[in-house]
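To start, the structure under review is shown below, and the notes come after it.
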Amino acid sequence: MNREDLIALLAEDSAVNKKCRKAVGLGASFDIWDGLVPASRLARIYRVREVLIRKRGTPTLGFAAAVKALHALDEQPLRLGQVSQFDPPYHFQLFLAADATSVIACIGVDLRNL
């Protein structure tokens, strides 16, 4: 996937997608992995991560909405990706359709306090 394709997939105007789209447009590094993971497994993993990151007080975007979306997809296979912005340090976790033609959910995590 190239940079322009990823920007196009982040077209939804949610706060997290806007921030991720801007980071990609400004040159943030990104990876989209080949393997597929059932949404139910991701929902369990990210539900726990959400609790832990809230306990730390780390600012995030889109976390609760992403976990809800993953839970609703049950066993549907998803592809994972990430965007890493370095200044300021910010991580975006991407959950894409298996064929990588749409972003199902996106989580943003501010890494300045970690």
Side-chain angles (χ1 to χ4, degrees):
M1 178 175 302
N2 65 41
R3 189 168 300 279
E4 293 76 26
D5 291 340
L6 181 54
I7 289 170
L9 292 181
L10 291 161
E12 181 188 319
D13 276 342
S14 66
V16 67
N17 279 19
K18 285 180 183 180
K19 189 170 182 113
C20 186
R21 187 171 58 236
K22 181 178 179 183
V24 174
L26 291 173
S29 64
F30 66 92
D31 292 300
I32 308 296
W33 293 289
D34 290 330
L36 301 176
V37 182
S40 62
R41 184 183 311 163
L42 294 169
R44 287 189 303 274
I45 291 167
Y46 282 88
R47 186 176 313 130
V48 171
R49 288 183 182 180
E50 180 184 19
V51 169
L52 295 173
I53 208 158
R54 280 188 184 194
K55 284 182 180 180
R56 290 184 190 153
T58 302
T60 65
L61 285 173
F63 223 122
V67 170
K68 184 177 179 179
L70 294 172
H71 183 71
L73 293 172
D74 198 31
E75 295 302 310
Q76 182 175 328
L78 298 179
R79 185 175 307 276
L80 293 171
Q82 72 173 14
V83 173
S84 297
Q85 174 182 298
F86 296 104
D87 190 22
Y90 213 89
H91 172 80
F92 298 93
Q93 185 66 49
L94 302 173
F95 306 91
L96 296 96
D99 61 2
T101 59
S102 64
V103 172
I104 304 300
C106 180
I107 296 171
V109 179
D110 188 330
L111 300 177
R112 286 179 281 197
N113 296 328
L114 296 178

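When reading the values below, keep in mind they use all heavy atoms of this one structure, side chains included, and skip hydrogens, waters and symmetry mates. Treat the numbers as computed from the prediction; the structure is a model and nothing was measured.
Between E75 and P38, the closest heavy-atom pair is OE1-CB, 3.6 Å. Considering every non-hydrogen atom in both A66 and C106, the closest pair reads CB-O, 4.3 Å. In this structure, I104 and A97 approach most closely via the heavy-atom pair CG1-N, 3.7 Å. For the pair I7 and G25, the tightest heavy-atom approach, listed with the atom from each and the gap, is CD1-CA, 3.8 Å.
Between atom CG of residue L111 and atom NE2 of residue H91 there is a gap of 7.5 Å, rounded to the nearest 0.5 Å. With values rounded to the nearest 0.5 angstrom, T60 atom OG1 is found 7.0 Å from Y90 atom OH. Separation of atoms CZ (R112) and CG (D87) is listed at 9.5 Å; rounding is to 0.5 Å. A distance of 11.5 Å separates CG of L78 from CG of L94, quoted to the nearest 0.5 Å. The distance from the SG atom of C20 to the CD atom of E12 is 12.0 Å, given to the nearest 0.5 Å. For the atom pair CD of Q82 and CD1 of I32, the computed distance is 9.0 Å after rounding to the nearest 0.5 Å.
When atom types are taken as modelled, the side chain of R79 and the backbone of L36 share no donor-acceptor pair closer than 3.5 angstrom. Remark: side-chain polar atoms of R21 are not paired, donor with acceptor, to backbone N or O of L9 under 3.5 angstrom. A donor-acceptor pair is defined here as one N or O able to donate and one able to accept, closer than 3.5 Å; such a pair exists between the side chain of Q85 and the backbone of P88. Between the side chain of Q93 and the backbone N or O of G81 there is at least one donor-acceptor pair closer than 3.5 Å.
The closest side-chain heavy-atom distance from L80 to L42 is below 4.5 Å. The side-chain heavy atoms of M1 and L96, taken from C-beta on, include a pair separated by under 4.5 Å. Counting heavy atoms from C-beta on, the side chains of V16 and F63 never come closer than 4.5 Å. For the pair I107/R49, no side-chain contact is recorded, criterion being any heavy-atom separation below 4.5 Å from C-beta on.
Remark: H71 NE2 is loosely packed, at most 12 non-hydrogen atoms of other residues, nucleotides or ligands lying under 6.0 Å away. The neighbour count for N2 CG, taken as heavy atoms of other residues, nucleotides or ligands under 6.0 Å away, is above 12. Counting heavy-atom neighbours within 6.0 Å of R41 CZ, excluding the residue itself, gives a total of 12 or less.
F30 and F95 end up in different hydrophobic clusters when Ile, Leu, Val, Met, Phe, Trp and Tyr side chains are linked at under 4.5 Å. Hydrophobic clustering of Ile, Leu, Val, Met, Phe, Trp and Tyr side chains at less than 4.5 Å, counting indirect connections, keeps V109 apart from V83. Connection of I45 to F92 is not established within any shared hydrophobic cluster, with ILVMFWY side chains joined at heavy-atom distances below 4.5 Å, either directly or through further cluster members. Linking ILVMFWY residues whenever their side-chain heavy atoms come closer than 4.5 Å, directly or via other members, leaves V67 and V103 in distinct clusters. W33 and L10 fall into different hydrophobic clusters, where Ile, Leu, Val, Met, Phe, Trp and Tyr are joined by side-chain heavy atoms under 4.5 Å apart, directly or via other members.
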